[in-house]
Asks: 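This is the structure I want to talk about, given as structure tokens.
Every chain is numbered from 1, with letters handed out A, B, ... down the list of sequences.
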Amino acid sequence: MKKSLREIIMRAIERGRERGELADGPLPPVMLEYPKEERHGDYATNIAMTIASRQRRSPREVADIIVRWLEDEPGIIERVEVAGPGFINFFLKEDYWRHFLAEADRQGERYGAGGVGMGKKVLVEFLSANPTGPLHIGHGRIAAFGDVLANILEKVGYEVQREYYINDIGTQMELLGRSVYIRYLQEWEKKVELPTDGYRGEYIKEIARQFKETEGDKYLPLSEGEVVDLFGQKASEVILGWIKDDLKRFRVRFDRWYRERDLYREGLVTRILEELRKRGLVYEQEGALWFKSSLFGDEKDRVVVRANGTTTYFASDIAYHKEKYEREYNLLIDIWGADHHGYIPRMQAAIQALGYEKSRFKVILVQLVNLLRGGKQVSMSTRAGEFTSLREVMDEVGVDACRYFFMLRRAESPLDFDLELAKKQGEENPVYYVQYAHARIASIFKKAAEKEVKIPSFDEVDTSLLRLPQERGLAKRVAIFPEFLEGMALSLEPHRLTSYLQDLAGLFHGYYNRYRIISQDTEMTKARLLLVKIIKGVLRSSLELLGVLAPEQM
RNA sequence: GCGCCCAUAGCUCAGUUGGAUAGAGCGACGGACUACGAAUCCGUAGGUCGCAGGUUCGAAUCCUGCUGGGCGCGCCA
């Protein structure tokens, strides 16, 4: 509907030009916004202000001319005014927003689905935490963010692939293997010490004990060199199992688990190095092979093959991203922890070097979580083994509150997560506010059922009875839901959903507290039941996008 | 030293891609249940949008320079 209003405005400008009241020239896009204050109308445009200087007239004069030539063909406008420095404010007909209730009711759960993403494919790679330790709270934030973003993209029509890239090979795996091996020996009372850079977490001992039980002493006679690889592999499978369990419990779903090992197995890493060599984009220096990333905006060149002949993670990452591009997505999204930001220029360099479109590749950095316990900082190093696992937080805080809490903040905003505070928020957490609105409506329905009142659909209801400002406001929130989803998908900012929910739930609670849904007036009762039914639906699908439960009772 | 991110109410944070008198939650204070759930609602108090310039009709938002905090700068990931 924004579109038709925009056309009305553009046609008015055209007419003004034809009559010579406005000068020709390029026309900037007509921006329509929802004014914060109701007395500024339902929509406002700043077009007069943006073209005024070129017209050599004051913004208000230009606005007056545009208003004079407005023709409201669809008949949606109640009145128009020029206000402030030159805004044109549109007040729409009283029934305007209510018309959207029909759409929302007819489409039910699908309301808001489809749109900007239709016919497009997007790959969201997120989390991709190394299988060297259990997920911690910082991973949780990225997991929630990626999952919700993917949900939203899916909602607006994209075909979404969610992918987790597993670094299951290389130096980290070796170190993991060695650490478990040492612990395994210690289980057999051998006098060996963990290397200083080894993984020190309790979970390593747990895996070692598990090995002792299932495999017995059969690795004792073998040398470290013979078993490190095996231990690393087995341990990472155990850990990956934990990760998958945690994610399942955290309601995060992946379509594909992409193994770095497979890249090697299929020769993609060798092939990418070959390709770079052919293009003259690598050179040897001090025994290592360097990629000329500085040619493409990186601050310096990067090693892809070490002097000892092993490839770096960067090399397989290039191969992986090439492979992603070849799968022909319209958009490739990588979600990384902010500590990887230095990696962006080199990845972009690699993409350009291979001749791919840089604009299709987007990296979202999620700031790390600063974990506190009772105001005291907790170290988060996996290797040091001091971390608070996602599992522990899920147990303490609950999945709903935890996910909602993460989505309250923008990705770029660092997050202080105080466990004591989060637990306290178990009572005060905004998630309950929204869930309560949903449960309340469910409760109204129960009441209606007791009174044998049917929940109506749109054609059984005279919506013109809904003329309270609150009702108009609620209808408006429902009406803008689809474009709100689009906005999040285009900006890749899923955190806005919590603001929307807060706003919608707040309006509902106020309305509920002041007016009765079920009353003696049967027509009014039907109209209001329809309205809250639709609100319940929007609450529900929004919560679903957040991966938060929408309870019928609390 | 260089690069990225952050700085908005006492606290935690939003702010519709540059709009009109900057908003919410928590906390504080004062009110509202004999009718659909008080996990709610209504009201009050609380601000030099880190500082200084610049861009323009208009800046929390964009540019430059500072200050403070986080992160990164390896043949680690």
Asks: Give one of base, sugar-phosphate or nothing for A:Ala437, where a contact means two heavy atoms less than 4.0 Å apart.
Replies: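 Touches nothing.
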Asks: Rounded to the nearest Å, what distance is computed from the CD atom of residue A:Glu450 to the C1' atom of nucleotide B:G37?
Replies: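 The answer, rounded to whole Å, is 12 Å.
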Asks: Which base sits across from B:A52 as a Watson-Crick or G-U pair, both distances under 3.5 Å?
Replies: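 Paired with B:A52, as far as the under-3.5 Å criterion goes, is B:U64.
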Asks: Is there aromatic stacking of A:Phe87 against B:A20, centre distance under 5.5 Å, plane angle under 30°?
Replies: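 The ring of A:Phe87 is stacked on B:A20.
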Asks: Quick one: label A:Asn89 by what it contacts on the DNA or RNA (base, sugar-phosphate, nothing), any heavy atom closer than 4.0 Å.
Replies: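 Counting heavy atoms under 4.0 Å across all strands, the contact made by A:Asn89 includes a base.
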Asks: Can you figure out which of B:C75, B:A38, B:A20 approaches the side chain of A:Ala288 most closely?
Replies: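 Shortest atom-to-atom distance from the side chain points to B:C75.
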Asks: Consider the side chain of A:Glu33, meaning its heavy atoms from C-beta on, and name the nucleotide among B:G19, B:C71, B:A14 that approaches it most closely.
Replies: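 Of the candidates, B:G19 comes closest.
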Asks: Determine which nucleotide pairs with B:A35, using a 3.5 Å limit on both distances of a Watson-Crick or G-U wobble pair.
Replies: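 Checking every strand shown, B:A35 finds no partner, since no pair has both distances under 3.5 Å.
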Asks: Do A:Tyr511 and A:Arg528 have side-chain atoms, one donor and one acceptor, less than 3.5 Å apart?
Replies: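 A pair is found: one side chain offers a donor N or O, the other an acceptor, under 3.5 Å apart.
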Asks: Would you say a side-chain N or O of A:Tyr515 is under 4.0 Å from OP1 or OP2 of B:U40?
Replies: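 No.
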Asks: B:G19 and B:A60: how far apart are their C1' atoms, nearest whole angstrom?
Replies: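 My reading of the C1' atoms in B:G19 and B:A60 gives 12 Å.
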Asks: So if I take every side-chain heavy atom of A:Asn513 and compare against B:C5, B:C41, B:C36, which nucleotide ends up nearest?
Replies: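 From the listed options, B:C41 comes nearest.
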Asks: Quick one: is A:Lys36 getting a side-chain N or O under 4.0 Å of the B:A20 phosphate, OP1 or OP2?
Replies: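 True: A:Lys36 side-chain N/O within range (under 4.0 Å) of B:A20 OP1/OP2.
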Asks: Looking at every strand, decide which applies to A:Pro59 at a 4.0 Å heavy-atom threshold: base, sugar-phosphate, or nothing.
Replies: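 Since no nucleic acid heavy atom lies under 4.0 Å of A:Pro59, the category is nothing.
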Asks: Going by ring centres under 5.5 Å and near-parallel planes (under 30°), is A:Tyr512 stacked on B:C36?
Replies: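 A:Tyr512 ring centre within cut-off of B:C36 base, planes near parallel; stacks.
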Asks: Between B:A20, B:C75, B:C36, which nucleotide has the shortest distance from any of its atoms to the side chain of A:Lys447?
Replies: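 Selected nucleotide (nearest to the side chain): B:C36.
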Asks: Can you tell me which nucleotide in B:A35, B:G15, B:C5 comes closest to the side chain of A:Glu412?
Replies: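 Among the listed nucleotides, the one closest to the side chain of A:Glu412 is B:C5.
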Asks: Measure from the side-chain heavy atoms of A:His509 and tell me the nearest of B:U40, B:C57, B:A20.
Replies: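 Per side-chain heavy atoms of A:His509, the pick is B:U40.
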Asks: Check the distance between B:C5's P and A:Tyr343's OH and give it to me in whole angstrom.
Replies: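 Going from OH in A:Tyr343 over to P in B:C5 covers 20 Å.
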Asks: Ring of A:His341 versus six-membered ring of B:G72: centres under 5.5 Å and planes under 30°?
Replies: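 No; by the centre-distance and plane-angle rule, A:His341 does not count as stacking on B:G72.
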Asks: Which donor-acceptor pairs under 3.5 Å do side chains of residues 58-65 of chain A form with protein atoms, sequence neighbours excluded?
Replies:
{"residue": "A:Ser58", "atom": "OG", "partner": "A:Glu61", "partner atom": "N", "Å": "3.2"}
{"residue": "A:Ser58", "atom": "OG", "partner": "A:Glu61", "partner atom": "OE1", "Å": "3.4"}
{"residue": "A:Arg60", "atom": "NH1", "partner": "A:Gly84", "partner atom": "O", "Å": "2.7"}
{"residue": "A:Arg60", "atom": "NH2", "partner": "A:Val82", "partner atom": "O", "Å": "3.4"}
{"residue": "A:Glu61", "atom": "OE1", "partner": "A:Ser58", "partner atom": "N", "Å": "3.2"}

Asks: Considering every strand and a 4.0 Å limit on heavy-atom distances, what is the contact class for A:Arg39: base, sugar-phosphate, or nothing?
Replies: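 Base, at least one base atom sits under 4.0 Å.
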Asks: Please tell me which of the listed nucleotides, B:C41, B:A20, B:G19, lies nearest to the side chain of A:Thr50?
Replies: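 Selected nucleotide: B:G19.
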Asks: Assign A:Asn46 to base, sugar-phosphate, or nothing according to its heavy-atom contacts below 4.0 angstrom with the strands shown.
Replies: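 Counting heavy atoms under 4.0 Å across all strands, the contact made by A:Asn46 includes a base.
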Asks: Categorize A:Lys300 for me: base, sugar-phosphate, or nothing, with a 4.0 angstrom heavy-atom threshold over every strand shown.
Replies: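 Since only primed, P, OP1 and OP2 atoms lie under 4.0 Å of A:Lys300, the category is sugar-phosphate.
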Asks: Under 4.0 angstrom, heavy atoms only, what part of the nucleic acid is A:Arg410 near: base, sugar-phosphate, or nothing?
Replies: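 The residue A:Arg410 makes sugar-phosphate contact but no base contact.
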Asks: Rounded to the Å, how far apart are A:Met554 CE and B:A38 P?
Replies: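 So the two atoms are 13 Å apart, to the nearest Å.
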Asks: Could I get the full list of salt bridge (Lys or Arg N to Asp or Glu O under 4.0 Å) partners for A:Arg277, not counting sequence neighbours?
Replies: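 By the salt bridge (Lys or Arg N to Asp or Glu O under 4.0 Å) rule, A:Arg277 matches A:Glu274.
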Asks: Could you check whether A:Glu286 gets within reach of a base, just the sugar-phosphate, or nothing at all, counting any heavy atom under 4.0 Å?
Replies: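 Here A:Glu286 touches the bases of the nucleic acid.
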Asks: Roughly, in whole Å, what's the span from CG in A:Asp503 to C1' in B:G25?
Replies: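 For the pair A:Asp503 CG and B:G25 C1', the rounded distance is 13 Å.
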Asks: Quick check for you: among B:A14, B:G37, B:C4, whose closest atom lies nearest to any side-chain atom of A:Tyr436?
Replies: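 The answer is B:G37.
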Asks: Give A:Glu284 one of three labels, base, sugar-phosphate or nothing, depending on what nucleic acid heavy atoms sit under 4.0 Å from its own.
Replies: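 Contact class for A:Glu284: none.
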Asks: Does a side-chain N or O of A:Arg528 approach OP1 or OP2 of B:C36 to a distance below 4.0 Å, or not?
Replies: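 So the side chain of A:Arg528 is outside the cut-off, no N or O lying under 4.0 Å from OP1 or OP2 of B:C36.
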Asks: Base, sugar-phosphate or nothing for A:Gly487? Non-hydrogen atoms, less than 4.0 Å.
Replies: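 Counting heavy atoms under 4.0 Å across all strands, no contact is made by A:Gly487.
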Asks: Using the P atom as the reference point in each nucleotide, state the distance between B:A9 and B:G47 in Å, no decimals.
Replies: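 The same atom, P, in both gives a distance of 10 Å.
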Asks: Check the distance between B:G23's P and A:Arg496's CZ and give it to me in whole angstrom.
Replies: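 Result: 19 Å.
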Asks: Tell me which nucleotide, if any, is Watson-Crick or G-U wobble paired with B:A20 when both distances must be under 3.5 Å.
Replies: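 Result: none.
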Asks: Could you tell me whether the side chain of A:Asn370 and the main chain of A:Leu415 form a donor-acceptor pair under 3.5 Å?
Replies: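 No, the answer is negative, given that no donor and acceptor are paired below the 3.5 Å cut-off.
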Asks: Side chain of A:Ala83 only, heavy atoms from C-beta on: which candidate in B:A20, B:U40, B:C75 is closest?
Replies: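 Per side-chain heavy atoms of A:Ala83, the pick is B:A20.
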Asks: From C-beta outward on A:Arg409, which listed nucleotide comes closest to its side chain: B:A14, B:A39, B:C57?
Replies: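 Of the options given, the side chain of A:Arg409 lies nearest B:A14.
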Asks: Mind checking who B:C2 pairs with, Watson-Crick or G-U wobble, both distances under 3.5 Å?
Replies: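 B:C2 is paired with B:G72.
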Asks: With heavy atoms under 4.0 Å as the rule, sort A:Ser519 into base, sugar-phosphate or nothing.
Replies: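 A:Ser519: no heavy atom of the nucleic acid under 4.0 Å.
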Asks: Mind calculating the distance between CD (A:Glu174) and C1' (B:C75) to the nearest angstrom?
Replies: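 Those two atoms, CD and C1', are 14 Å apart.
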Asks: Touch check for A:Ser413, heavy atoms < 4.0 angstrom, all strands: base, sugar-phosphate only, or nothing?
Replies: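 Sugar-phosphate, backbone atoms only, no base.
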Asks: At under 4.0 Å between heavy atoms, what does A:His495 touch on the DNA or RNA strands: base, sugar-phosphate, or nothing?
Replies: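 A:His495: backbone/sugar contact only, no base atoms under 4.0 Å.
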Asks: Determine the contact category for A:Ala52: base if any of its heavy atoms lies under 4.0 Å from a base atom, sugar-phosphate if only primed atoms, P, OP1 or OP2 are that close, otherwise nothing.
Replies: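 No contact at all - A:Ala52 keeps every heavy atom at 4.0 Å or more from the nucleic acid.
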